[in-house]
Amino acid sequence: MSNPALTPDEYENQLADDRKAVIAKLRKTILQHLPPGFEETISYGMIGYVVPLSIYPAGYHCKPDEPLPFLSIASQKNFIALYHMGMYADEKLLQWFQDEYPKHVKSKLDMGKSCVRFKKMDDIPFKLIAELAQKITMADWISRYESIFKKS
């Protein structure tokens, strides 16, 4: 679901009330638990949490003029999505999340490589997302990213 917003507040305010409340709670949860340095912005048409170019001027290898993405949230047509690049890049973190998820939610985990899809708004495990958000510092994320996508 494309959202033409230019800021996270605009993104949130353009949503239907039920989605707006969920995205607002996700933003608050993430911002309260994300380690220092990450910046909230619009990234790839979603609310993104990125390593700013002022800290990591090399940017994202796919688009070096854009900040390094870390985490994103989006209201899609049939679900709320949480994208966490750290789970894509760190097998141990992914396994931790997969092991913890059933302790917080009764429904089956619906997940792609880095995307967790929440089809039922009442099933979003905010406490687990808070734990996930604080698992990787910005320095750790940059180091992990560089170890995988070493620039030549």
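The two residues Ser75 and Arg19 make their nearest non-hydrogen contact at OG-NH1, 2.7 Å. Minimum interatomic distance between Gly48 and Ser72 (heavy atoms only, all atoms of both residues): CA-OG, 3.8 Å. Across all non-hydrogen atoms, the minimal contact from Asp123 to Tyr101 is O-OH, 4.3 Å. Lys20 and Leu15 make their closest contact through CE-O, 3.4 Å (heavy atoms, listed as atom of the first residue, atom of the second, distance). What you find for Arg117 and Gly112 is that their closest heavy atoms are NH2-N, 3.6 Å. When all heavy atoms of Tyr11 and Ala5 are compared, the closest pair comes out as N-CB, 3.2 Å.
For the atom pair CE (Met121) and CG (Asp18), the distance works out to 7.0 Å, reported to the nearest 0.5 Å. If you take NZ on Lys113 and CE on Met87, they are separated by 14.0 Å, rounding to the nearest 0.5 Å. From Leu26, atom CG reaches atom CG of Leu82 across 7.0 Å, with rounding to the nearest 0.5 Å. Rounded to the nearest 0.5 angstrom, Ile23 CD1 and Ile80 CD1 are separated by 4.0 Å. Taken from NE2 in His84 to NZ in Lys135, the straight-line distance is 10.0 Å, to the nearest 0.5 Å. Note that the CD1 atom of Ile142 and the OG1 atom of Thr137 stand 8.5 Å from one another [nearest 0.5 Å].
In this structure, the side chains of Pro69 and Lys63 stay at 4.5 Å or more apart for every pair of heavy atoms. With a 4.5 Å cut-off on side-chain heavy atoms, Val116 and Leu109 count as touching. You'll find the side chain of Val51 stays beyond 4.5 Å of the side chain of Tyr60, heavy atoms only. Counting only heavy atoms from C-beta outward, the side chains of Glu40 and Leu34 never approach each other to under 4.5 Å. Contact check for Phe126 versus Lys28: no side-chain heavy atoms found under the 4.5 Å cut-off. For the pair Pro4/Gln14, a side-chain contact is recorded, criterion being any heavy-atom separation below 4.5 Å from C-beta on. Counting heavy atoms from C-beta on, the side chains of Ser114 and Met85 come closer than 4.5 Å. Side-chain atoms of Pro125 and Phe118, non-hydrogen and from C-beta on, do get closer than 4.5 Å to each other.
More than 12 heavy atoms of other residues, nucleotides or ligands shown are found within 6.0 angstrom of CG on Asp99.
Although no hydrogens or angles enter the test, the distance criterion places a donor-acceptor pair under 3.5 Å between the side chain of Tyr145 and the main chain of His61. Between the side chain of Thr29 and the backbone N or O of Lys25, at least one donor-acceptor pair lies under 3.5 Å.
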Practice problem: Any chance you could lay out the side-chain contact (heavy atoms from CB on, under 4.5 Å) test for Leu93 and Leu132, step after step, and finish with the verdict? | Solution: CA-CA 8 Å; Leu93 182 62; Leu132 176 63; 4.0 Å; yes
Quiz item: Passes side-chain contact (heavy atoms from CB on, under 4.5 Å), Tyr49 versus Ile73? Steps please.
Solution: CA-CA 9 Å; Tyr49 301 88; Ile73 54 175; 4.2 Å; yes
Self-check item: Full working for side-chain contact (heavy atoms from CB on, under 4.5 Å) between Glu10 and Ile42
Solution: CA-CA 10 Å; Glu10 275 184 30; Ile42 294 294; over 6 Å; no
Exercise. Mind running side-chain contact (heavy atoms from CB on, under 4.5 Å) on Tyr56 and Glu146 for me, showing each step along the way?
Key: CA-CA 11 Å; Tyr56 190 70; Glu146 287 182 339; 2.9 Å; yes
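Taking the six-membered ring for Trp and thresholds of 30 and 60 degrees, Phe70 and Phe38 have nearly parallel ring planes, at less than 30 degrees apart.
With hydrophobic clusters built from ILVMFWY side chains whose heavy atoms lie under 4.5 angstrom apart, Met138 shares a cluster with Leu68. Both Ile129 and Ile136 are members of a single hydrophobic cluster when ILVMFWY side chains are connected at heavy-atom separations under 4.5 Å. Both Ile30 and Ile124 sit in one connected hydrophobic cluster of ILVMFWY residues. Membership requires side-chain heavy atoms under 4.5 Å apart, directly or through other members.
The stretch residues 79-96 participates, sequence neighbours left out, in these salt bridge (charged side-chain N to carboxylate O under 4.0 Å, His left out) pairs: Asp90-Arg144.
A salt bridge is defined here as a Lys NZ or Arg NE, NH1 or NH2 lying under 4.0 Å from an Asp or Glu carboxylate O, and Asp9 with Arg27 meets this definition.
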